Amino acid sequence: MGSISQFNAHDYEVIARDYADLKEAARKRCTDQKELDVVQKAFEFANEAHKGVRRRSGEPYILHPIAVAKIVVSNIGLGYKSIVAALLHDVVEDTDYTVDDIRSLFGDKVATLVEGLTKIKTVLDNEDKAEQKSIQAENFKRILLTLNDDVRVVLIKLADRLHNCRTIEFMPEHKRDKILSETMFVFIPLAHRLGLYSVKSEMEDIWLRYKEPEAFNEITAKINRNVTDKDKEINEFIAPIDDALKAAGFRYEIRKRVKTPYSIWNKMNNKGITFEQIYDLYAVRIIFEPDVATKETERDQCYHVFSIITGLYRYKADRVRDWVNYPKNNGYEALHCTLMSHSGIWIEVQIRSRRMNEIAEKGIAAHWAYKKDGFMDGDESEMDKWIAKVKDILVSPDVNALELLDMIHNDLITTDILVFTPKGEQRSIEKGATALDFAYSIHTHIGNRAIAAKVNLRLVPLSYVLKTGDQIEIITAENEKPKREWLDFLKTRKARSLVLDYLKGERQESIKIGKKMLEEQLDALGYKLNDKTLNVLMEGYEIFESKPDELYFRIGAGLLKLSGLADILKKSQEKKSGSWGFSWFRPKEKKEDYVIDGADGKHRYVIASCCNPIPGDSVVGFLASDGTVTVHKKTCPTANNLAAKFGDKIVMPKWEHAKTQNLTFLVRLSLKGVDRIGIINDITRYISFVLNVNIRKFNLGTEDGVFEGYIDLYVNDMGDLDKLIKKLQKIEGIQSIVRTDL
Ligand code: MN
């Protein structure tokens, strides 16, 4: 990899400078000079191995492993073996050295780490075999499988990916998109799950900077302006807190934090609000050294700080978050509250001990470091539980790589909530889980026989979605059985697979019964159960499968009534028989097709209905085997999913102005404002008569003097839309108007 050329004096200078920087960081983490010597040896070895090789950027290649090692020690907090492995991570892949060479020089552990990293790299970057189903999904499976051996491999891989993101400007555009999408789909959720806050948020910001450069720049500029404007107010807010904590004898530091551009962008999009409407732009963090001399525990001291600051400022009762008593499942602990400053802005305050802060920033590694030091009690931590769960998924034999990737992805992004059993026992369960999921989480037997639930003593259906703090009692009946409809609302993987297993067993039984029932009925009507009859019936009952098992099953399970049998058979005889060439698959519904770029004339372009990009949006396309290219917004989650799995199918369509002029695209505008008589009428009249824009649908409602809703309308391009938004903003009463997802 990379080009070879002689290094000049400047190259050597840069290498020396970056390494000195790494060494300084490593010194703090290494326990003795011996360890530091091994780091030095690894650097010299790698430096020699990559000598004369440059990256795409033109820099000496060795700067990359140095940077990865720096992230490993500074952002993730790993020790010297990981630093050494990071320095050596590309040696085996890119040079003539082997894992055995590494083993004889640096020992078993380092060799195993480097081997794991080499395996991941070989599969991730191998594009030649990409036409096979999805090599990428297989790759991720391998990455995650390394969780099984040593989590450090995944952590170093995350550092490697972060540095590749930092230097992504040197990549060609289609490769950039593949890397960024993979990063969003797998690496960011993984970093989040492993609690690596600083790695995660830097990746997110880079993702946004390249996927939505305009939004990124606008938000960044606004943050900078706001920070200078409000800095004085924040300092005035902090001053009394500072005095009070000092008076109470705490040892602490206070840090000012601003939300990251990505988290602001995300909030604006998800909630359909403008930058100005984000009220928790600022956070103040209080990090204290727990005083071991007092009787107060670390936890008590968090509440002590809370009580001091809420004595100074009014707090928002519904915004207190207690992750001290109930740590998040990535191990995060802190006490959050939102206070009203004397100048009238809401400021979030995060209270953490030094230990909690380390865990919040560096995640898993810090977690284990403290555990070793005896801070954690013998309990399995949330993090360990999660890793055990991932291992569980990884070893299930009958999932293919693509399903597995989706499963892991879902598992990475879901969070847990806390609920209670009737006896007041605390249980954590996936957010969005239903009462029935809860039943299965207690015991299969309870799930299988559930008929209803009592939540907080009120009777609810099994599909009831649980909320934090709910107390759930499951009502069962002895001869109840799992039902197929349950799959429509069950959320957790465990419950779903238990129900599916049950139904599978039932299914074989039902198929047998169904086939027998059908034979008898046909017999009575004078027909025989043969291929010809089966074809007619499957067509008639709209079962688009290749085998008749599904038909038998539905009959046997009572999902399909045979009362219409005679009609179907009769109707098919009326039709001119002779050719039996049914197509077994229902043709997919075709959306209106828009040609967006005719440059090569080879492909047909289709606008993706999940994100509905319009001319001017940053877009990415996916080439299907029939030559059709589906065009998504670059930020579309579906597009990220596809790009992460099928990176080789990415194409970069460009909007072509002249050709799109006569086409219109559907967008949604979400509006909010102060209600006055006739405002809704004003808005719709204004859009359709004055601006002459075609409204497809609108949905505006008012409540307590505030109106809120959306309008779906057709526009030509981004320019059109911008103009429209600017004009609508002038209508009296409208407070915010933004484009949101349809
Ligand atoms: Mn690398």
Side-chain angles (χ1 to χ4, degrees), residues 1-4 14-15 18-19 21-22 25-26 39 42-76 78 81-99 101-102 106 110-127 136 139-140 142-144 146 150-172 175-176 178-183 186-188 190-191 196 199 202-203 206-207 644 647:
M1 161 163 282
S3 56
I4 303 205
V14 180
I15 295 171
D18 281 15
Y19 178 62
D21 192 35
L22 167 67
V39 173
F43 163 68
E44 282 164 11
F45 182 76
N47 195 24
E48 191 54 37
H50 293 298
K51 195 173 184 174
V53 184
R54 293 179 188 278
R55 300 191 89 205
R56 272 176 211 270
S57 59
E59 288 178 329
Y61 195 87
I62 186 68
L63 295 187
H64 167 66
I66 293 177
V68 174
K70 178 78 195 296
I71 296 168
V72 159
V73 60
S74 301
N75 299 53
I76 310 182
L78 292 173
K81 280 190 184 134
S82 307
I83 301 173
V84 168
L87 280 168
L88 301 172
H89 83 271
D90 280 335
V91 166
V92 173
E93 170 66 13
D94 294 343
T95 74
D96 293 334
Y97 292 101
T98 65
V99 174
D101 296 332
I102 308 264
F106 297 95
V110 170
T112 316
L113 292 175
V114 173
E115 190 175 19
L117 287 159
T118 308
K119 268 192 209 149
I120 293 176
K121 190 184 151 79
T122 324
V123 281
L124 254 188
D125 297 340
N126 196 342
E127 284 167 37
Q136 266 169 276
N139 299 343
F140 283 120
R142 281 175 203 234
I143 292 180
L144 291 157
T146 57
D150 192 326
V151 186
R152 282 180 291 185
V153 174
V154 174
L155 296 173
I156 300 168
K157 182 67 210 168
L158 277 164
D160 182 34
R161 175 51 62 110
L162 175 58
H163 187 247
N164 286 334
C165 284
R166 281 182 189 167
T167 50
I168 201 162
E169 61 175 305
F170 302 104
M171 284 283 169
K175 263 202 142 170
R176 220 185 262 173
K178 169 180 179 262
I179 291 174
L180 290 171
S181 298
E182 277 175 7
T183 303
V186 175
F187 289 99
I188 289 174
L190 196 55
L196 302 166
V199 171
E202 192 180 341
M203 281 178 173
I206 294 171
W207 181 89

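In this text, all values refer to a predicted model and were calculated from it rather than measured experimentally. All ligand and atom numbering here is 1-based and tracks the order in the structure.
Side-chain contact between Arg161 and Thr183 is present, with heavy atoms from C-beta onward closer than 4.5 Å.
Residues Ser82 and Ile156 come closest through the heavy atom pair O-CD1, 3.9 Å. Minimum heavy-atom separation, Val73 to Ala26: CG2-CA, 4.3 Å.
Neither side chain, Asp90 nor His50, offers a donor N or O lying under 3.5 Å from an acceptor on the other.
For Asp160, the N, O or S atom with the smallest separation from the Mn ion (ligand 1) is OD1. Restricting Asp90 to its N/O/S atoms, the shortest distance to the Mn ion (ligand 1) is reached by OD2.
To the nearest 10 degrees, the angle centred on the Mn ion (ligand 1) between NE2 in His64 and NE2 in His89 reads 90°.
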